[in-house]
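We use all heavy atoms of the structure for the numbers below, so side chains are in, but hydrogens, waters and symmetry mates are not.
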Amino acid sequence: NGENLRNLTNSPATESPQGDFDWSPDGSQILFHTDADGNVEIYVVDVASGETTNISNSPAADMSGNWVR
């Protein structure tokens, strides 16, 4: 609803542009891409903790991902 906004990644890296991310079906995580490690990879961020996890980790530029529903 736009209330209580907060930055989950606080990174100077280039990250998914607005709208290019995907919420998990239960709303607890967000899938996004970033070049924070020097290569574009797909990450998941836990909304509650802000912890990010690289889930693609390949030499190619990984920019698309979505949850299996």
Side-chain angles (χ1 to χ4, degrees):
N1 68 5
E3 293 182 19
N4 301 316
L5 298 176
R6 63 188 171 115
N7 185 329
L8 292 172
T9 59
N10 290 320
S11 170
T14 301
E15 296 172 341
S16 299
Q18 184 175 353
D20 192 13
F21 57 87
D22 195 27
W23 284 90
S24 64
D26 68 2
S28 68
Q29 298 176 312
I30 302 171
L31 191 70
F32 70 104
H33 65 265
T34 179
D35 66 358
D37 69 358
N39 183 38
V40 179
E41 303 285 357
I42 300 172
Y43 283 75
V44 171
V45 61
D46 181 87
V47 174
S49 70
E51 182 178 337
T52 60
T53 304
N54 180 336
I55 63 167
S56 62
N57 200 24
S58 76
D62 302 311
M63 298 180 71
S64 279
N66 47 0
W67 298 95
V68 176
R69 299 188 189 324

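For Ser56, the side-chain hydrogen bond (donor to acceptor under 3.5 Å, both in side chains) partners two or more places apart in sequence, or in a different chain, are Glu41, Asp62. Evaluation of the side chain to side chain contact (heavy atoms under 4.5 Å, CB included) rule for Asp46 yields Gln29, Ala48, Ser49 as partners, not counting sequence neighbours. With sequence neighbours excluded, no residue satisfies side-chain hydrogen bond (donor to acceptor under 3.5 Å, both in side chains) with Asp35. By the side chain to side chain contact (heavy atoms under 4.5 Å, CB included) test, Asn4 is found to be paired with no residue, residues two or more places apart in sequence or in another chain being considered. The side-chain hydrogen bond (donor to acceptor under 3.5 Å, both in side chains) test applied to Asp22 returns Arg69, not counting sequence neighbours.
How far CG of Asn39 is from CG of Asn54: 9.0 Å, rounded to the nearest 0.5 Å.
Clustering of Ile, Leu, Val, Met, Phe, Trp and Tyr by side-chain heavy atoms under 4.5 Å joins Met63 with Val40. Think of Ile42 as one node in a network of Ile, Leu, Val, Met, Phe, Trp and Tyr side chains linked at under 4.5 Å; its network also takes in Leu31, Val44, Ile55, Trp67.
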- Message: Please determine whether side chain to side chain contact (heavy atoms under 4.5 Å, CB included) holds for the pair Trp23 and Asn66, giving the CA-CA distance in whole Å, both sets of side-chain angles, and the decisive distance to 0.1 Å.
- Response: CA-CA 8 Å; Trp23 284 90; Asn66 47 0; over 6 Å; no
